[in-house]
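Keep in mind it's a predicted model, so treat the numbers as computed, not measured. Per chain, numbering begins at 1; letters A, B, ... match sequence-line order.
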Number of protein chains: 2
Amino acid sequence: MNQSVARLAVPTKRTSSRDAIVDAAIATLARSPDASLSVIAEAAGVSRATLHRHFPSRGALIDAVCLQALRETDAAVNAIDYTTMSSTSYLLAVFEAIIPLGDRFHFLAKVVAETASAAVNDAYAHQTRGVEEMVRWMEREGALAPSVPADWAVLVIDALIYTSWMAVREGRIAPRQAAALACRTFLSGLSGGV
Amino acid sequence: MNQSVARLAVPTKRTSSRDAIVDAAIATLARSPDASLSVIAEAAGVSRATLHRHFPSRGALIDAVCLQALRETDAAVNAIDYTTMSSTSYLLAVFEAIIPLGDRFHFLAKVVAETASAAVNDAYAHQTRGVEEMVRWMEREGALAPSVPADWAVLVIDALIYTSWMAVREGRIAPRQAAALACRTFLSGLSGGV
DNA sequence: ATCAAATGAGACAAATGTGTATTATACGGT
DNA sequence: ACCGTATAATACACATTTGTCTCATTTGAT
């Protein structure tokens with residue numbers, strides 16, 4: 001891939017351009033998911049040629065963007081110390097960790113379809129596996145009705161995250177409240193209760 | 001728009017091509033939301049020139065597609081006789097009416113962004129207003145917790161419809177079960193209960 | 001049969017996005 | 001100061017899509 005990587009003592013700013021491009025791509029695609037490479041390069045303060053040097057094709061860039069997003073969400077979730085809490089508290093913690101990332105990653109749903117990269121699919125599957133684990137945990141703790149297919153539970157969690165992202169993005173709701181509402185919606189629905 | 005419309009006795013098949021194009025557009029865009037006009041025209045069994053004759057621009061076609069979709073969903077919901085049921089039964093009926101339409105309209109979320117037509121925005125706003133009314137009805141009947149923002153309830157309903165559409169489309173779940181699960185999720189969440 | 005409207009077939013221009021290649025320049029470490 | 005790398009600035013080729021236009025043909029109503 002990068003033939004000079006192996007050479008030692010060449011760390012300099014080798015990745016700085018690349019990172020700038022990925023960051024700019026995230027920021028730009030967040031506004032317009034169909035932004036051209038020219039626009040992204042400009043936003044990165046870099047020539048289009050340089051962009052192509054780091055990412056041979058648009059798909060390669062989209063891949064990198066997706067992987068970066070998945071890496072960051074993964075990190076946010078992994079930062080939670082789940083050993084000290086119940087599965088339902090963990091659910092809330094996950095919502096609270098992920099929802100603030102919506103600013104940057106809400107566009108993923110639109111953009112992921114562009115790519116068929118195995119790496120991205122793997123990372124995505126890994127993330128889904130994490131959600132499935134959480135669902136199973138809730139099942140074990142009796143926090144989830146046995147009649148509910150785990151598959152559906154996973155889908156609803158994803159949907160609530162996306163909905164929260166959009167609601168926060170449109171200024172309809174504050175991140176913290178979104179997390180609380182999403183959690184409540186998942187666990188007890190919107191009827192009755194408080 | 002169509003200067004010959006006023007002439008009487010010219011109903012013939014004047015709109016048949018147009019309808020064929022809209023139908024083909026729906027079917028084609030359902031598979032690939034970025035399909036070109038050539039592909040759509042071919043699917044409609046019509047030359048691209050004819051397509052352009054009916055729809056001057058791509059946006060005009062997308063508009064027509066969106067309006068058609070909104071019209072159909074509206075019709076499906078309006079067919080429900082809400083006078084004989086509770087608000088929560090109505091919610092289930094709405095889910096059951098709309099979810100089967102996902103086959104054809106699930107792509108709307110991706111495509112609506114292409115257009116900024118006032119007509120489409122109006123139709124969309126009208127539909128949202130319908131959901132808001134339903135939410136208020138549920139509030140009046142005490143089926144909705146007062147602490148839940150109506151705004152959030154509307155968002156969750158939309159999200160559940162979209163999630164159901166996708167889940168059904170991917171064969172993960174049957175339409176009827178999807179409606180039941182969506183309804184249950186909204187009302188009582190996925191914990192406890194049955 | 002006739003006439004008008006609708007259509008099919010095709011050519012065409014313009015715009016856009018993407019990927020490649022070339023050359024000169026700036027930067028950074030040795 | 002030197003040298004290699006990364007970069008900027010271009011230019012280019014290529015594909016795709018969209019929209020327009022023309023002309024011949026078909027269709028359908030009368």
Value in whole Å for how far the [atom2] atom of [N] lies from [atom1] of [X]:
{"X": "H52(B)", "N": "dT7(C)", "atom1": "NE2", "atom2": "P", "result": "15 Å"}
{"X": "D34(A)", "N": "dT18(C)", "atom1": "CG", "atom2": "C1'", "result": "15 Å"}
{"X": "I62(A)", "N": "dG17(C)", "atom1": "CD1", "atom2": "C1'", "result": "13 Å"}
{"X": "L51(B)", "N": "dA6(C)", "atom1": "CG", "atom2": "P", "result": "16 Å"}
{"X": "R58(B)", "N": "dG19(D)", "atom1": "CZ", "atom2": "C1'", "result": "13 Å"}
{"X": "E42(B)", "N": "dG10(C)", "atom1": "CD", "atom2": "P", "result": "13 Å"}
{"X": "I40(B)", "N": "dG19(D)", "atom1": "CD1", "atom2": "C1'", "result": "15 Å"}
{"X": "D19(B)", "N": "dA6(C)", "atom1": "CG", "atom2": "P", "result": "14 Å"}

To the nearest 0.5 Å, what is the distance between [atom1] ([X]) and [atom2] ([Y])?
{"X": "F107(A)", "Y": "D34(A)", "atom1": "CZ", "atom2": "CG", "answer": "12.0 Å"}
{"X": "I98(B)", "Y": "I80(B)", "atom1": "CD1", "atom2": "CD1", "answer": "7.5 Å"}
{"X": "C66(B)", "Y": "L61(B)", "atom1": "SG", "atom2": "CG", "answer": "9.5 Å"}

Which pair of non-hydrogen atoms, one from I40(B) and one from A35(B), has the smallest distance, and what is that distance? CD1-O, 4.2 Å

N/O donor-acceptor pair, side chain R48(B) with base dG19(D), under 3.5 angstrom: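 Under the 3.5 Å cut-off, the side chain and the base do form a donor-acceptor pair.
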
Once you measure the plane-to-plane angle for W137(B) and Y90(B), does it fall in the parallel (<30°), tilted (30-60°) or perpendicular (>60°) bin?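 Geometry flag for Y90(B) against W137(B): tilted rings.
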
Between G59(B) and R53(B), whichever has its closest DNA chain D nucleotide further toward 5' is G59(B)

Using a cut-off of 4.0 Å on non-hydrogen atoms, how would the nucleic acid contact of S57(A) be classed: base, sugar-phosphate, or nothing?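 Answer is sugar-phosphate: S57(A) comes under 4.0 Å of backbone atoms only.
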
Need one value for G45(B): base, sugar-phosphate or nothing, where a base atom within 4.0 Å counts as base even if backbone is also close, heavy atoms only.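 Counting heavy atoms under 4.0 Å across all strands, the contact made by G45(B) is with sugar-phosphate only.
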
[N], OP1 or OP2 - any side-chain N/O from [X] closer than 4.0 Å?
{"X": "T50(A)", "N": "dA8(D)", "value": "yes"}
{"X": "S17(A)", "N": "dT7(D)", "value": "yes"}
{"X": "H54(B)", "N": "dT7(C)", "value": "yes"}

Between dT18(D), dG19(C), dA8(D), which nucleotide has the shortest distance from any of its atoms to the side chain of L37(B)? dT18(D)

Identify, between A35(A) and A49(A), the residue whose nearest nucleotide on DNA chain C lies closer to the 5' end.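 Checking each residue's closest nucleotide, the 5'-ward one belongs to A35(A).
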
